[in-house]
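Data first, discussion second: the structure below is written as structure tokens.
Keep in mind the model is a prediction, meaning the values are calculated, not measured.
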Amino acid sequence: MAFTCQIDRDDRALAQPDAVVGVDLGVRALAVLSTGETVDNPKHHRAALRTLRKLNKRLARRAGPRTPDGSRRQASKRWHKTKIHLARVHARVAAQRRDGLHQLTTRLAATYGTVVVEDLHVAGMTKNRRLARAIADVGMAETRRQLTYKTAWRGGRLIVADRWYPSSKTCSGCGAVKAKLALSERTYSCAACGLVLDRDANAARNLAALAARYEHDVAQSCGETENARGAGVRPTDGGRSAEKRELPPGERSRRKSRAA
């Protein structure tokens with residue numbers, strides 16, 4: 001049985017409705033804001049890794065539902081007990097990660113009128129076997145998902161920068177773009193203007209600057225035209241869209257019904 005209900009939310013007004021914040025998600029720090037604030041990464045999975053390894057080894061020694069030759073058998077009670085213990089540790093890690101992300105996204109959505117994030121290709125990033133576990137422990141996709149509906153609840157706006165926007169390679173001072181920037185370079189040094197800044201802080205400032213470019217493009221075009229993904233049609237210097245605006249919940253389905 002399933003049912004639906006409608007809830008009238010009475011959220012408080014934004015603390016800074018005209019303020020803009022760029023959010024750069026990462027592994028060393030959970031998030032670096034354009035305001036200069038750095039949110040530490042608690043690394044919940046890494047903290048529980050020793051316990052998980054011990055339980056997995058214990059589970060492998062129990063008489064499970066499969067014999068060494070692959071045939072089925074009835075698992076022992078100790079196997080089921082260890083299986084439940086292992087599942088509880090995984091559930092606790094997931095709950096801790098989700099709670100931390102809720103605290104961060106709620107604070108951002110309740111404070112700033114405009115939040116700018118990146119459209120990260122998390123599935124491609126996790127193909128790096130050296131960083132896959134650390135990237136999965138951050139919860140980047142979950143952060144964006146929570147910001148999408150929380151900014152809509154608060155009456156704010158979420159702008160998602162295009163996946164190909166060089167936020168890390170661009171100088172936040174003069175706008176010069178580096179051809180290459182290795183992942184090991186944690187400090188951004190601009191050869192044009194001499195700016196020396198933390199790599200993540202520089203990217204967060206560039207993301208915040210996209211909000212002003214978005215408003216300028218809307219004013220110049222007298223109404224923004226959006227494609228099917230919600231991205232601005234006006235291309236940037238690289239021929240790609242610099243930013244796209246996240247559609248509020250239900251807006252995409254309403255647009256499709258009107259087009260039909």
Side-chain angles (χ1 to χ4, degrees), residues 1-7 9 23-32 38-110 117-153 158 160 163 183-184 186 200 246 249-250 252-253:
M1 183 179 66
F3 63 92
T4 59
C5 61
Q6 182 177 354
I7 301 176
R9 297 186 57 87
V23 182
D24 182 75
L25 300 176
V27 175
R28 292 193 175 185
L30 178 62
V32 177
T38 300
V39 182
D40 295 333
N41 185 5
K43 302 179 181 179
H44 299 293
H45 184 267
R46 183 177 180 179
L49 194 57
R50 183 176 181 180
T51 302
L52 292 173
R53 286 173 176 169
K54 182 176 65 175
L55 290 176
N56 275 295
K57 289 181 180 180
R58 183 183 304 172
L59 186 67
R61 291 193 295 266
R62 305 300 188 197
R66 294 283 184 178
T67 60
D69 59 1
S71 59
R72 297 186 63 86
R73 66 181 178 185
Q74 184 177 2
S76 66
K77 292 184 178 180
R78 289 187 176 184
W79 185 90
H80 284 291
K81 184 178 180 180
T82 307
K83 182 80 171 179
I84 293 175
H85 192 181
L86 179 63
R88 287 178 176 173
V89 176
H90 277 294
R92 179 176 176 81
V93 171
Q96 290 175 331
R97 182 189 303 117
R98 187 166 53 251
D99 178 67
L101 294 180
H102 271 298
Q103 294 184 29
L104 172 62
T105 55
T106 298
R107 179 165 62 88
L108 293 177
V117 296
E118 292 180 289
D119 182 19
L120 299 173
H121 184 31
V122 181
M125 296 168 63
T126 52
K127 291 183 179 180
N128 186 337
R129 59 186 300 271
R130 295 184 178 182
L131 298 176
R133 180 182 295 166
I135 292 174
D137 195 19
V138 174
M140 298 179 178
E142 177 65 15
T143 303
R144 175 178 166 183
R145 186 191 71 85
Q146 293 181 12
L147 284 174
T148 301
Y149 69 83
K150 289 184 180 182
T151 51
W153 282 352
L158 177 65
V160 181
R163 183 171 296 177
L183 186 60
S184 58
R186 306 312 306 172
D200 298 332
E246 192 77 5
R252 182 173 299 176
S253 59

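Between the side chain of S71 and the backbone N or O of T67, no donor-acceptor pair lies under 3.5 Å. Counting only distance, with no hydrogens or angles, the side chain of R73 and the backbone of G64 share a donor-acceptor pair below 3.5 Å. Using modelled atom types, one side-chain atom of N128 and one backbone atom of R130 make a donor-acceptor pair closer than 3.5 Å. Within the 3.5 Å criterion, the main-chain N or O of Q103 finds no donor-acceptor partner in the side chain of T106. Judged by distance alone, the side chain of N41 and the main-chain N or O of V27 form a donor-acceptor pair under 3.5 Å.
Atom CZ of R98 is separated from atom CD of Q146 by 9.0 Å, given to the nearest 0.5 angstrom. For the atom pair CD1 (I84) and CH2 (W79), the distance works out to 9.5 Å, reported to the nearest 0.5 Å.
Summarising the local packing, CZ of R50 is surrounded by 12 or fewer heavy atoms from other residues, nucleotides or ligands at distances under 6.0 Å. Residue H85 qualifies as open at atom NE2: its count of foreign heavy atoms under 6.0 Å is 12 or below. Atom CZ of R92 has 12 or fewer heavy atoms from other residues, nucleotides or ligands within 6.0 Å. Counting heavy atoms of neighbouring residues, nucleotides and ligands inside a 6.0 Å radius, atom CZ of R133 does not exceed 12 of them.
Between R46 and D137 no salt bridge is recorded (no basic side-chain N to carboxylate O distance below 4.0 Å). Of the charged side-chain nitrogens involved, at least one lies within less than 4.0 Å of a carboxylate oxygen, so that R144 and D119 count as a salt-bridged pair.
Two residues are said to be in side-chain contact when any heavy atoms from C-beta on lie closer than 4.5 Å; H45 and L52 meet this criterion.
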